[in-house]
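Reviewing the structure listed below.
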Amino acid sequence: MDITFQSLPGSDSESVVRFLTSEIWPFHSISAVDRETAQQWIAEGRFESEENRSFWIVADGKAVGLVRLMDLADSTPLFDLRIRSAHRGCGIGVRALLWLTRYLFEEFPEVRRIEGTTRHDNRAMRRVFLRCGYVKEAHYREAWPTTDGTFHDAVGYAILRGDWMAGTVTTPEWNDEPLM
Ligand SMILES: CC(C)(COP(=O)(O)OP(=O)(O)OC[C@H]1O[C@@H](n2cnc3c(N)ncnc32)[C@H](O)[C@@H]1OP(=O)(O)O)[C@@H](O)C(=O)NCCC(=O)NCCS
(Lines give C-alpha, C1' and ligand atoms only; values in the text may rest on other atoms or scores of the structure.)
Protein backbone atom coordinates (compact mmCIF):
# COMPACT_ATOMS: atom_id res chain seq x y z
CA MET A 1 0.00 0.00 0.00
CA ASP A 2 1.32 3.42 -1.00
CA ILE A 3 0.95 5.83 1.95
CA THR A 4 1.69 9.56 1.93
CA PHE A 5 1.01 12.37 4.38
CA GLN A 6 -0.47 15.56 2.98
CA SER A 7 -0.58 18.85 4.81
CA LEU A 8 -4.11 19.92 5.66
CA PRO A 9 -3.96 23.51 4.35
CA GLY A 10 -5.29 23.35 0.86
CA SER A 11 -8.06 20.98 1.89
CA ASP A 12 -11.47 22.52 2.25
CA SER A 13 -12.77 22.51 5.80
CA GLU A 14 -15.84 20.62 4.58
CA SER A 15 -13.60 17.56 3.94
CA VAL A 16 -12.45 17.66 7.55
CA VAL A 17 -16.02 18.04 8.80
CA ARG A 18 -17.15 15.10 6.65
CA PHE A 19 -14.26 12.95 7.84
CA LEU A 20 -14.96 13.63 11.52
CA THR A 21 -18.73 13.25 11.31
CA SER A 22 -18.93 10.20 9.06
CA GLU A 23 -17.22 7.77 11.44
CA ILE A 24 -17.59 6.59 15.03
CA TRP A 25 -14.55 7.21 17.22
CA PRO A 26 -15.08 4.69 20.01
CA PHE A 27 -12.06 5.68 22.09
CA HIS A 28 -12.39 9.46 21.90
CA SER A 29 -14.29 11.44 24.54
CA ILE A 30 -16.79 12.40 21.82
CA SER A 31 -17.37 9.25 19.79
CA ALA A 32 -19.98 10.71 17.42
CA VAL A 33 -18.91 14.17 16.31
CA ASP A 34 -21.69 16.41 14.97
CA ARG A 35 -21.19 19.06 12.30
CA GLU A 36 -21.39 21.98 14.73
CA THR A 37 -18.72 20.53 16.97
CA ALA A 38 -16.43 19.75 14.04
CA GLN A 39 -16.83 23.27 12.65
CA GLN A 40 -16.14 24.74 16.08
CA TRP A 41 -12.92 22.67 16.43
CA ILE A 42 -11.75 23.92 13.04
CA ALA A 43 -12.59 27.55 13.92
CA GLU A 44 -10.68 27.20 17.21
CA GLY A 45 -7.56 26.24 15.25
CA ARG A 46 -7.35 22.72 16.67
CA PHE A 47 -6.16 21.41 13.30
CA GLU A 48 -4.18 24.34 11.93
CA SER A 49 -2.74 27.18 13.99
CA GLU A 50 0.61 28.33 15.30
CA GLU A 51 0.79 25.35 17.68
CA ASN A 52 -1.18 22.75 15.75
CA ARG A 53 -0.62 21.07 12.38
CA SER A 54 -2.58 18.32 10.71
CA PHE A 55 -2.03 15.91 7.83
CA TRP A 56 -4.21 13.59 5.82
CA ILE A 57 -3.06 10.02 5.68
CA VAL A 58 -3.46 9.16 2.02
CA ALA A 59 -3.46 5.46 1.08
CA ASP A 60 -3.50 4.61 -2.61
CA GLY A 61 -4.76 8.11 -3.39
CA LYS A 62 -7.57 8.14 -0.81
CA ALA A 63 -7.68 10.10 2.47
CA VAL A 64 -8.10 7.33 5.03
CA GLY A 65 -7.01 9.08 8.20
CA LEU A 66 -5.93 12.23 9.93
CA VAL A 67 -2.85 13.01 12.01
CA ARG A 68 -3.14 16.01 14.32
CA LEU A 69 -0.01 17.37 16.00
CA MET A 70 -0.49 19.61 19.04
CA ASP A 71 1.56 21.82 21.39
CA LEU A 72 4.25 22.34 18.78
CA ALA A 73 5.85 25.20 20.72
CA ASP A 74 6.45 22.85 23.62
CA SER A 75 9.38 20.47 24.10
CA THR A 76 6.82 17.67 24.46
CA PRO A 77 4.23 17.80 21.67
CA LEU A 78 1.16 15.58 21.64
CA PHE A 79 -0.76 13.99 18.77
CA ASP A 80 -4.09 12.51 17.81
CA LEU A 81 -4.51 9.78 15.22
CA ARG A 82 -7.79 8.83 13.52
CA ILE A 83 -8.18 6.21 10.79
CA ARG A 84 -11.43 5.41 9.00
CA SER A 85 -12.98 2.20 10.34
CA ALA A 86 -12.73 0.45 6.95
CA HIS A 87 -8.95 0.95 6.99
CA ARG A 88 -8.17 0.04 10.59
CA GLY A 89 -6.12 -3.06 11.32
CA CYS A 90 -4.15 -2.84 8.03
CA GLY A 91 -0.90 -1.45 9.46
CA ILE A 92 -1.66 2.21 8.74
CA GLY A 93 -1.58 3.21 12.42
CA VAL A 94 1.98 1.94 12.83
CA ARG A 95 3.13 3.69 9.66
CA ALA A 96 1.46 6.93 10.71
CA LEU A 97 3.04 6.97 14.17
CA LEU A 98 6.50 6.16 12.75
CA TRP A 99 6.04 9.00 10.25
CA LEU A 100 4.83 11.61 12.74
CA THR A 101 7.58 10.71 15.21
CA ARG A 102 10.24 11.30 12.56
CA TYR A 103 8.49 14.46 11.37
CA LEU A 104 8.41 15.97 14.88
CA PHE A 105 12.01 15.11 15.77
CA GLU A 106 13.33 16.33 12.40
CA GLU A 107 11.24 19.50 12.08
CA PHE A 108 11.48 20.67 15.70
CA PRO A 109 15.01 20.40 17.13
CA GLU A 110 13.81 21.48 20.61
CA VAL A 111 11.47 18.52 20.90
CA ARG A 112 12.92 16.12 23.45
CA ARG A 113 10.01 13.73 23.80
CA ILE A 114 6.64 13.01 22.19
CA GLU A 115 3.69 11.96 24.30
CA GLY A 116 0.42 10.21 23.62
CA THR A 117 -2.43 9.18 25.87
CA THR A 118 -5.17 6.70 25.14
CA ARG A 119 -7.92 4.81 26.85
CA HIS A 120 -6.78 1.69 28.69
CA ASP A 121 -8.96 -0.60 26.56
CA ASN A 122 -7.79 0.82 23.20
CA ARG A 123 -5.80 -2.31 22.41
CA ALA A 124 -4.98 -1.28 18.84
CA MET A 125 -3.49 2.08 19.85
CA ARG A 126 -1.51 0.51 22.67
CA ARG A 127 -0.03 -2.01 20.22
CA VAL A 128 0.80 0.84 17.85
CA PHE A 129 2.68 2.68 20.61
CA LEU A 130 4.78 -0.37 21.44
CA ARG A 131 5.48 -1.23 17.80
CA CYS A 132 6.84 2.30 17.32
CA GLY A 133 9.21 2.30 20.30
CA TYR A 134 7.00 4.25 22.69
CA VAL A 135 7.12 3.29 26.36
CA LYS A 136 4.31 3.28 28.88
CA GLU A 137 5.05 6.00 31.44
CA ALA A 138 1.74 6.56 33.16
CA HIS A 139 -1.45 4.86 34.24
CA TYR A 140 -4.25 7.20 35.32
CA ARG A 141 -7.01 5.35 37.11
CA GLU A 142 -10.58 6.40 36.25
CA ALA A 143 -9.25 9.48 34.49
CA TRP A 144 -11.18 9.14 31.21
CA PRO A 145 -14.84 10.17 31.56
CA THR A 146 -17.29 9.05 28.91
CA THR A 147 -20.64 10.50 27.88
CA ASP A 148 -22.50 7.56 29.51
CA GLY A 149 -21.15 8.60 32.92
CA THR A 150 -18.59 5.81 33.27
CA PHE A 151 -14.88 6.33 33.80
CA HIS A 152 -12.07 4.40 32.16
CA ASP A 153 -8.41 4.22 33.05
CA ALA A 154 -6.07 6.19 30.77
CA VAL A 155 -2.52 5.23 29.84
CA GLY A 156 0.31 7.51 28.78
CA TYR A 157 3.16 6.58 26.44
CA ALA A 158 6.18 8.56 25.26
CA ILE A 159 9.32 8.29 23.17
CA LEU A 160 12.58 10.14 23.87
CA ARG A 161 14.65 11.74 21.13
CA GLY A 162 17.72 9.90 22.45
CA ASP A 163 15.99 6.51 22.15
CA TRP A 164 14.65 7.36 18.71
CA MET A 165 18.11 8.36 17.47
CA ALA A 166 19.86 5.35 18.99
CA GLY A 167 17.12 2.87 18.11
CA THR A 168 16.85 1.91 21.78
CA VAL A 169 13.90 1.58 24.14
CA THR A 170 14.63 2.64 27.71
CA THR A 171 12.07 2.25 30.49
CA PRO A 172 11.42 4.34 33.62
CA GLU A 173 12.69 3.07 36.98
CA TRP A 174 9.42 2.07 38.63
CA ASN A 175 10.80 0.77 41.95
CA ASP A 176 11.94 4.17 43.13
CA GLU A 177 9.85 4.82 46.25
CA PRO A 178 12.04 6.39 48.96
CA LEU A 179 12.75 3.94 51.77
CA MET A 180 11.52 4.99 55.22
C1 LIG B 1 -5.94 3.10 17.00
C2 LIG B 1 -5.60 3.17 15.51
C3 LIG B 1 -4.91 4.50 15.19
C4 LIG B 1 -4.64 2.00 15.21
O5 LIG B 1 -4.32 2.01 13.86
P6 LIG B 1 -4.54 0.71 12.96
O7 LIG B 1 -4.10 1.04 11.58
O8 LIG B 1 -5.92 0.21 13.15
O9 LIG B 1 -3.52 -0.32 13.63
P10 LIG B 1 -2.48 -1.27 12.87
O11 LIG B 1 -3.18 -1.98 11.76
O12 LIG B 1 -1.26 -0.48 12.54
O13 LIG B 1 -2.19 -2.36 13.99
C14 LIG B 1 -1.27 -2.19 15.01
C15 LIG B 1 -1.40 -3.30 16.01
O16 LIG B 1 -2.69 -3.23 16.65
C17 LIG B 1 -3.37 -4.49 16.49
N18 LIG B 1 -4.78 -4.21 16.33
C19 LIG B 1 -5.34 -3.54 15.29
N20 LIG B 1 -6.68 -3.46 15.51
C21 LIG B 1 -6.92 -4.08 16.68
C22 LIG B 1 -8.09 -4.30 17.44
N23 LIG B 1 -9.29 -3.86 17.03
N24 LIG B 1 -7.98 -4.98 18.62
C25 LIG B 1 -6.79 -5.39 19.05
N26 LIG B 1 -5.62 -5.20 18.38
C27 LIG B 1 -5.70 -4.55 17.21
C28 LIG B 1 -2.76 -5.10 15.25
O29 LIG B 1 -2.93 -6.50 15.25
C30 LIG B 1 -1.32 -4.70 15.41
O31 LIG B 1 -0.76 -5.51 16.44
P32 LIG B 1 0.61 -6.33 16.28
O33 LIG B 1 1.67 -5.34 16.57
O34 LIG B 1 0.49 -7.37 17.33
O35 LIG B 1 0.63 -6.83 14.87
C36 LIG B 1 -6.86 3.00 14.60
O37 LIG B 1 -7.43 1.75 14.85
C38 LIG B 1 -7.90 4.10 14.83
O39 LIG B 1 -7.86 5.13 14.20
N40 LIG B 1 -8.84 3.84 15.75
C41 LIG B 1 -9.89 4.83 16.06
C42 LIG B 1 -9.31 6.13 16.61
C43 LIG B 1 -8.40 5.90 17.81
O44 LIG B 1 -8.69 5.11 18.70
N45 LIG B 1 -7.30 6.65 17.81
C46 LIG B 1 -6.34 6.64 18.89
C47 LIG B 1 -6.46 7.91 19.65
S48 LIG B 1 -5.08 8.11 20.74
Side-chain angles (χ1 to χ4, degrees), residues 1-6 8 11 15-34 37-38 41-42 44 46-47 51-72 74 76-104 111 113-148 150-159 163-164 167-169 171:
M1 195 181 347
D2 175 44
I3 296 190
T4 55
F5 297 86
Q6 291 178 7
L8 208 59
S11 312
S15 312
V16 180
V17 171
R18 270 205 307 273
F19 174 80
L20 293 169
T21 56
S22 63
E23 298 281 343
I24 294 295
W25 308 105
F27 297 107
H28 281 78
S29 321
I30 300 179
S31 54
V33 181
D34 60 31
T37 304
W41 287 349
I42 294 167
E44 285 169 356
R46 287 200 194 192
F47 296 91
E51 296 213 2
N52 300 326
R53 285 186 197 173
S54 301
F55 298 84
W56 290 116
I57 305 169
V58 180
D60 296 332
K62 192 174 164 213
V64 298
L66 194 60
V67 170
R68 185 163 73 95
L69 307 177
M70 300 167 259
D71 293 351
L72 294 173
D74 202 281
T76 304
L78 307 171
F79 67 88
D80 184 29
L81 189 50
R82 295 173 188 253
I83 296 167
R84 285 191 188 281
S85 53
H87 298 269
R88 292 176 198 159
C90 310
I92 296 173
V94 168
R95 288 176 68 177
L97 185 53
L98 289 173
W99 177 83
L100 78 86
T101 302
R102 171 174 292 277
Y103 176 86
L104 287 169
V111 167
R113 40 183 280 119
I114 303 166
E115 270 181 28
T117 303
T118 195
R119 227 169 74 174
H120 180 246
D121 53 345
N122 192 345
R123 295 165 63 101
M125 191 60 220
R126 296 185 66 174
R127 284 298 305 164
V128 170
F129 277 127
L130 293 184
R131 288 275 302 276
C132 297
Y134 282 64
V135 171
K136 185 179 171 190
E137 290 186 342
H139 193 118
Y140 306 101
R141 293 173 298 165
E142 299 184 13
W144 195 292
T146 57
T147 43
D148 66 9
T150 57
F151 287 80
H152 292 268
D153 288 5
V155 282
Y157 290 76
I159 189 168
D163 270 348
W164 176 75
T168 52
V169 178
T171 52

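Counting starts at 1 for both ligands and their atoms, following the listed order.
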> Who's closest to atom 6 (P) of ligand 1 heavy-atom-wise, of Gly116, Gly89, Ala124?
Replying inline: Gly89
> Quick one: does ligand 1 sit under 4.0 Å from the side chain of Ala96, the backbone, both or neither, non-hydrogen atoms only?
Replying inline: neither
> Listed by chain and number, what are the side chain to side chain donor-acceptor pair (under 3.5 Å) partners of Asp148, not counting sequence neighbours?
Replying inline: Thr146, Thr150
> For Tyr157 and Thr118, what are the C-alpha separation, side-chain angles and deciding distance, and is it a side chain to side chain donor-acceptor pair (under 3.5 Å)?
Replying inline: CA-CA 8 Å; Tyr157 290 76; Thr118 195; over 6 Å; no
> Relative to the heavy atoms of Val94, which atoms of ligand 1 are at a distance of less than 4.0 Å?
Replying inline: 12 (O), 14 (C)
>> Donor-acceptor pair, distance only, cut-off 3.5 Å: does the side chain of Trp56 make one with the backbone of Val16?
In response: no
>> Can you confirm, on distance only, whether ligand 1 has an N/O atom lying under 3.5 Å from any N/O atom belonging to Arg123?
In response: no
>> So if I count the atoms of ligand 1 from 1 in the order they appear, which ones are less than 4.0 Å from some heavy atom of Asp80?
In response: 47 (C)
> Of Leu98, Leu78, Thr117, which has the heavy atom at the shortest distance from atom 48 (S) of ligand 1?
Replying inline: Thr117
> What are the atoms of ligand 1, with element, lying closer than 4.0 Å to any heavy atom of Asn122?
Replying inline: 43 (C), 44 (O), 46 (C)
>> Keeping Arg84 on the side-chain end and Glu23 on the backbone end, is there a donor-acceptor pair under 3.5 Å?
In response: no
> Going by the order shown, which atoms of ligand 1 are within less than 4.0 Å of some heavy atom of Gly93?
Replying inline: 5 (O), 6 (P), 7 (O), 12 (O)
> What atoms in ligand 1 come closer than 4.0 Å to a heavy atom of Arg82?
Replying inline: 39 (O)
>> Which of the numbered atoms in ligand 1 are under 4.0 angstrom from any heavy atom belonging to Gly91?
In response: 10 (P), 11 (O), 12 (O)
> Does the side chain of Ile57 come within less than 4.5 Å of Leu81's, by heavy atoms?
Replying inline: yes
> Is there a nitrogen or oxygen of Leu81 sitting under 3.5 Å from a nitrogen or oxygen of ligand 1?
Replying inline: yes
>> Taking side chain to side chain donor-acceptor pair (under 3.5 Å) as the definition, give me every residue that meets it alongside Trp164, ordered by chain and number, with sequence neighbours left out.
In response: none
> Is it true that a side-chain atom of Arg68 and a backbone atom of Arg46 form a donor plus acceptor pair closer than 3.5 Å?
Replying inline: yes
>> Minimum distance, heavy atoms only, to atom 9 (O) of ligand 1: which one of Ile83, Val128, Ile24 is it?
In response: Val128
> Distance below 4.0 Å between atom 28 (C) of ligand 1 and any protein heavy atom?
Replying inline: no
> Which ligand 1 atoms does Cys90 reach within 4.0 Å, using its non-hydrogen atoms?
Replying inline: 11 (O)
>> If I apply the N/O under 3.5 Å rule, does Pro26 come out as touching ligand 1?
In response: no
> Counting each atom of ligand 1 from 1 as listed, which ones have a heavy atom of Arg127 under 4.0 Å away?
Replying inline: 15 (C), 16 (O), 31 (O), 32 (P), 33 (O), 34 (O)
> Aromatic rings Trp99 and Phe55: how do their planes relate, parallel, tilted or perpendicular, breaks at 30° and 60°?
Replying inline: perpendicular
> Can you check whether Trp41 reaches Ile30 side chain to side chain, under 4.5 Å on heavy atoms?
Replying inline: yes
> When you measure from the side chain of Thr37 to the backbone N and O of Val33, does any donor-acceptor pair fall under 3.5 Å?
Replying inline: no
> Who's closest to atom 42 (C) of ligand 1 heavy-atom-wise, of His28, Arg84, Glu23?
Replying inline: His28
> Relative to ligand 1, is Arg131 under 4.0 angstrom through side chain, backbone, both or neither, heavy atoms considered?
Replying inline: side chain
> Less than 4.5 Å apart, any side-chain heavy atom of Glu142 and any of Asp153?
Replying inline: yes
> Sub-3.5 Å donor-acceptor pair from the side chain of Asp2 to the main-chain atoms of Asp60, do we have one?
Replying inline: no
>> For atom 36 (C) of ligand 1, what's the nearest protein heavy-atom neighbour? Residue, atom name and distance, please.
In response: Arg88 CG, 3.9 Å
>> Using a 4.0 Å heavy-atom cut-off, which part of Arg95 comes near ligand 1: side chain, backbone, both, or neither?
In response: neither
